[in-house]
Protein chains: 2
Amino acid sequence: MEAQIDEILRKNQLSVTGSRKRILELFLASNGALAHGDIEKKTGEKFDRVTVYRTLQTFLEKGIIHTIPTPDNSVLYALCKDNCTEGHHHDNHVHFICRECGKTICLADITIPEVKLPGGFLPHEYQMIVTGLCKECR
Amino acid sequence: MEAQIDEILRKNQLSVTGSRKRILELFLASNGALAHGDIEKKTGEKFDRVTVYRTLQTFLEKGIIHTIPTPDNSVLYALCKDNCTEGHHHDNHVHFICRECGKTICLADITIPEVKLPGGFLPHEYQMIVTGLCKECR
DNA sequence: CAAACGCATGCAACTTTGTTGCAAAATGAT
DNA sequence: ATCATTTTGCAACAAAGTTGCATGCGTTTG
Ligand SMILES: [Mn+2]
Ligand SMILES: [Mn+2]
Ligand SMILES: [Zn+2]
Ligand SMILES: [Zn+2]
């Protein structure tokens with residue numbers, strides 16, 4: 001894990017610092033998405049709030065994580081697949097949000113289906129969010 | 001319009017007040033979705049910020065409007081179709097957000113396609129957001 | 001139409017969330 | 001070990017959202 005974390009940071013030309021290692025560790029350990037608040041809670045007093053914001057921002061820019069829009073408009077972040085880069089993301093998968101436990105899961109294998117738009121609209125990116133009950137809560 | 005507004009409020013057992021009429025009017029006049037900030041700007045000093053929050057909350061609960069999750073995690077609201085009620089919504093249509101002008105449009109005729117989930121997940125509601133360029137901006 | 005009731009509003013105070021500038025500290029290269 | 005460059009923490013601020021309470025307005029009833 002330690003090695004994996006270092007590798008991800010190095011690959012993205014980021015210096016290896018305490019907060020980056022810790023936050024990346026949290027993402028790798030969690031199988032779901034994390035909110036800014038989750039991260040703050042889990043890191044405790046260890047890092048400043050501002051550092052968490054800036055670290056997430058950096059990870060976003062590098063394509064290490066992506067955001068997930070949620071129906072209640074909270075901000076969630078999840079690890080990107082390996083082939084995401086600064087410019088180009090490949091996160092065209094469906095996201096599932098459990099309305100019971102709140103867990104948000106990247107369904108990496110479920111590709112967002114195509115949809116035909118009315119004339120005039122030029123689509124660029126598709127997002128699909130499914131809410132419901134997860135395995136544990138149903 | 002005035003009559004239409006009254007009818008919507010009455011149908012939902014809401015008293016007809018200044019702020020509710022004005023905010024509903026804004027939604028009916030706009031063909032896109034509105035953010036809380038948009039509404040505040042357009043109503044000016046006429047109503048308190050808190051009143052706008054509470055009015056939107058009430059409309060949400062009654063099923064008069066629905067929220068739209070956006071990739072940048074801002075909160076957008078749009079009118080529901082007639083057959084939405086307190087408990088049950090029928091807003092299973094695609095939403096389009098223009099990345100140039102920011103306008104958000106309900107594609108009421110475009111139904112969200114079905115998608116097969118891995119075993120264990122019990123889906124309840126589907127959301128689909130497409131970003132890109134609208135007719136005016138392309 | 002007047003009176004009375006109950007809900008909606010405005011205001012103030014507060015919390016939460018996110019941003020910015022700057023000095024000190026940590027990192028990576030030499 | 002030294003130095004240049006980033007990153008961090010702190011403080012101050014701005015924006016966004018919430019809550020309690022007294023007052024005002026809309027609705028109902030007689
Ligand atoms: Mn994902
Ligand atoms: Mn809609
Ligand atoms: Zn669950
Ligand atoms: Zn546009």
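Chain A is the first sequence line, chain B the second, and so forth, proteins listed ahead of strands; every chain is numbered from 1. Here the structure is a predicted model, which is why all the values come from computation and not from measurement.
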*Minimum-distance nucleotide to Arg54(B) side chain [options: dT19(D), dT19(C), dG28(C)]*: dT19(D)
*Atom CG of Asp48(A) and atom P of dA11(D): how far apart are they, to the nearest Å?*
10 Å
*asked:* Taking any heavy-atom pair under 4.0 Å as a contact, classify Arg49(A): base, sugar-phosphate, or nothing.
replied: base
*asked:* Please pick, from dT27(D), dG18(C), dT8(D), the nucleotide with the shortest atom-to-atom distance to any side-chain atom of Val75(A).
replied: dG18(C)
*Please check if Leu9(A) and Phe47(A) belong to a single hydrophobic cluster, counting links between Ile, Leu, Val, Met, Phe, Trp and Tyr side chain heavy atoms closer than 4.5 Å.*
no
*Give a yes/no answer on whether the side chain of Thr51(A) brings an N or O atom under 4.0 Å of OP1 or OP2 in dG9(D).*
yes
*Check the distance between dT9(C)'s C1' and Phe59(B)'s CZ and give it to me in whole angstrom.*
14 Å
_Distance-only side-chain donor-acceptor flag, Arg20(B) / Ser15(B), under 3.5 Å_ = yes
_Distance check needed: dA14(D) P versus Tyr53(A) OH, whole Å only._
17 Å
_Rounding to an integer number of Å, can you tell me how far His36(B) NE2 sits from dT18(D) C1'?_
12 Å
*Looking only at side-chain N and O atoms, does Ser19(A) come under 4.0 Å of OP1 or OP2 in dT8(D)?*
yes
*Round to a whole Å and report the spacing from CG of Leu56(A) to P of dT19(C).*
11 Å
*Is Glu25(A) paired with Arg22(A) through a side-chain N to carboxylate O contact shorter than 4.0 Å?*
yes
*Taking NZ from Lys46(B) and P from dA8(C), how many angstroms apart are they, rounded to a whole number?*
18 Å
*Can you check the Leu60(A) CG to dG18(C) C1' distance for me, whole Å?*
14 Å
*Going by an N to O cut-off under 4.0 Å, is there a salt bridge joining Glu100(B) and Arg138(B)?*
no
*Short side-chain N/O contact to dC25(D) OP1/OP2 from Ser15(B), under 4.0 Å*: no
_Position toward the 5' end of DNA chain D (nearest nucleotide), Val50(B) or Thr17(B)_ = Val50(B)
_Under 3.5 Å side-chain donor-acceptor pair for Thr51(A) and Thr55(A)_ = no
*Rounded to whole angstroms, how far apart are CG on Leu14(B) and P on dT9(C)?*
10 Å
